[in-house]
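Encoded as structure tokens, the structure appears first; notes follow it.
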Amino acid sequence: MNRLALLTSGGDCPGLNPCIRSVVRTALAGGIEAIGVHRGWRGLIDNDMEPMDARSVAGIVNLGGTVLRSSRCPEFREAAAREQAIANLAERGIDGLIVIGGNGSLRGACELSRQASLPLIGIPKTIDNDVGGTDYALGFDTAVNTAVEAIDKIRDTATSHERLFLVEVMGRDRGFLALEVALACGAEGVLVPEMPTDIAALCAGLERCREAGKVSSIVVVAEGDDAGNAYEIADKITAQSDYELRVAVLGYIQRGGTPSALDRVQGGLFGKAAVDALVAGETSKLVAKRNGETTLVDLELAWKETRELPAHLLELARVLAS
Ligand code: F6P
């Protein structure tokens, strides 16, 4: 391995910069050149890349976002676009690629590695924490903490005014973020895409809380819930209850901001493990965290394996809401 390229693809999240820093410095320490690809797959197709040295990643361990920039690139699903990317990599003498992405981007990485003979390693990231094959994806911990900080503030208003708040968090397909945030905030309810939402049962549960003396309620709603978005769910609750109800959509504040210590350290571990894997001759692997250890699994698991929402955490949220 003489020269590797790295890119960040898909939605940004905190932890990308510590991971980029780790890839670059680990590569350089092993005598390998590091080439940064700008704007994810887009930059690979457009041949938009530049060499990175140790100083080019100085002062970024504490920054949100990605210094390499990112994009969503539907064009990469076409074989011709991937062919162009492969030609650009070959022309630059790049003999290994590290892709830091969510399950969509890692699926693209699988396609690329099938089409090219180029060694390729994936690193999981997304605040949704829904990449298969790994217990953890970069960005999740910071996003949980950001949402918890916001909801703690919302709780002050909810209690002062004796209100019910529906707080929508991200999670297009999965409820990992919503569940963790609900637990950490002591929410009275949590709605996730994995479970059918029963508005009558939700209202009955909130009513029990009120009868037990609670003066405010918070329900955390994952944006992909089957009953609709938080505003639609609010209308349904209002139609069958007398709550003074407000909605707060946390939105993109969950994707930005200073990475937590956990995301910085995990970014460092994932970045080094990816470079080590390339040096060891591995390809089509995902760097993963499993049972507390950083390890390698088949890249295909990233999008083929569906992680279960932990049933014991759902049960804990239910019991503690009483
Ligand atoms: O990164 C995943 C995610 O946060 C989803 O939960 C959300 O639906 C999506 O990104 C929105 O991303 P964008 O608007 O940047 O495409």
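Every number for a ligand or one of its atoms is a count from 1 in the order of the listing.
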Under 3.5 Å, is there a donor on one side chain and an acceptor on the other for Y252 and D12? no
Would you call E188 and R210 a salt bridge, using N to O less than 4.0 angstrom? no
Specify side chain, backbone, both or neither for E223, according to which of its non-hydrogen atoms lie closer than 4.0 Å to ligand 1. side chain
If you measure every N or O of G171 against every N or O of ligand 1, does any of those distances drop under 3.5 Å? yes
So which protein heavy atom does atom 14 (O) of ligand 1 come closest to, and at what separation? Y252 OH, 2.4 Å
Interatomic distance, CD@Q115 vs CD@E83, rounded to 0.5 Å, equals 5.0 Å
Heavy-atom proximity to atom 6 (O) of ligand 1, picking from T126, N103, D128, I127, points to D128
Which of the numbered atoms in ligand 1 are under 4.0 angstrom from any heavy atom belonging to R172? 6 (O), 8 (O), 9 (C)
closest protein heavy atom to atom 15 (O) of ligand 1 is R255 NH2, 2.9 Å
Does the side chain of Q84 pick up a donor-acceptor pair with the side chain of N88 at under 3.5 Å? yes
Taking only Lys NZ, Arg NE, NH1 and NH2, and the carboxylate oxygens of Asp or Glu, determine whether K304 and D298 approach each other closer than 4.0 Å. no
When you measure from atom 4 (O) of ligand 1 to every protein heavy atom, which one gives the shortest distance, and what is it? M170 SD, 3.1 Å
shortest atom 16 (O) of ligand 1-to-protein heavy-atom contact is with R72 NE, 2.6 Å
Might you work through the side-chain contact (heavy atoms from CB on, under 4.5 Å) test for L269 and Q266, ending with a clear yes or no? CA-CA 5 Å; L269 288 167; Q266 196 59 54; 4.1 Å; yes
